[in-house]
Amino acid sequence: MALEAIQTVTQAEAKAKADREAAAAQAKQRLADAQREARQTVEQARQRAQEQARQMMAQAEEKAARLTQEELERAKADCETLKQNARGRLEQAAQLIVGRVVEQ
């Protein structure tokens with residue numbers, strides 16, 4: 001009977017050891033899986049952030065190009081107005097010069 005008790009205890013200890021080892025292996029695998037998933041999540045977030053940055057840069061470049069074009073068009077219109085004003089005064093300037101030359 002004592003021998004059976006010793007065998008039972010020995011078997012229980014062996015089973016407990018095997019269970020601990022299996023639990024440790026399972027915990028190790030779960031940790032590895034969680035770390036892999038975390039790396040994938042970080043990589044996906046990094047890729048989304050890069051894509052958003054690219055989109056923001058493209059939008060900023062489009063806006064800058066549009067504003068530049070609008071400013072160029074305003075400057076062109078201003079130059080055209082100045083040219084028209086100058087042409088209108090060209091006749092007056094010519095008469096003023098002729099008048100001064102004649103006076104001398």
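Below, each value reflects all heavy atoms present in this structure, side chains not excepted, and no hydrogens, waters or symmetry copies.
Side-chain contact annotation: Gln44 with Arg48, donor-acceptor N/O pair under 3.5 Å absent. Side chains of Gln47 and Glu51: no donor on one and acceptor on the other come within 3.5 Å.
Residue Gln92 holds its CD atom at 12.0 Å from CD1 of Ile97, rounded to the nearest 0.5 Å. Of the inter-residue distances, the one linking Arg54 atom CZ with Gln52 atom CD reads 10.5 Å to the nearest 0.5 angstrom.
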query: Can you check side-chain contact (heavy atoms from CB on, under 4.5 Å) on Glu71 and Leu67, steps first, answer last?
result: CA-CA 6 Å; Glu71 189 60 34; Leu67 292 174; over 6 Å; no

query: How far apart are the C-alpha atoms of Gln95 and Glu91, what are their side-chain angles, what is the distance that settles it, and do they pass the side-chain contact (heavy atoms from CB on, under 4.5 Å) test?
result: CA-CA 6 Å; Gln95 289 177 359; Glu91 182 66 31; 3.3 Å; yes

- request: Check the pair Gln50 / Arg46 against side-chain hydrogen bond (donor to acceptor under 3.5 Å, both in side chains), numbers first and verdict last.
  value: CA-CA 6 Å; Gln50 284 181 334; Arg46 185 186 62 76; 3.1 Å; yes

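We find that Glu80 and Lys83 are joined by a salt bridge, their nearest charged nitrogen and carboxylate oxygen being less than 4.0 Å apart. A salt bridge links Lys15 to Asp19: one of the charged nitrogens lies within less than 4.0 Å of a carboxylate oxygen. In this structure, Arg30 does not pair ionically with Asp33, as no charged nitrogen and carboxylate oxygen lie closer than 4.0 Å.
Residue Ile6 forms a side chain to side chain contact (heavy atoms under 4.5 Å, CB included) with just one option from Thr10, Val9, Thr8, and that option is Thr10.
Side-chain contact between Gln29 and Gln26 is absent, with no heavy atoms from C-beta onward closer than 4.5 Å. Arg66 is not listed as a side-chain neighbour of Gln69, based on a closest heavy-atom distance of 4.5 Å or more.
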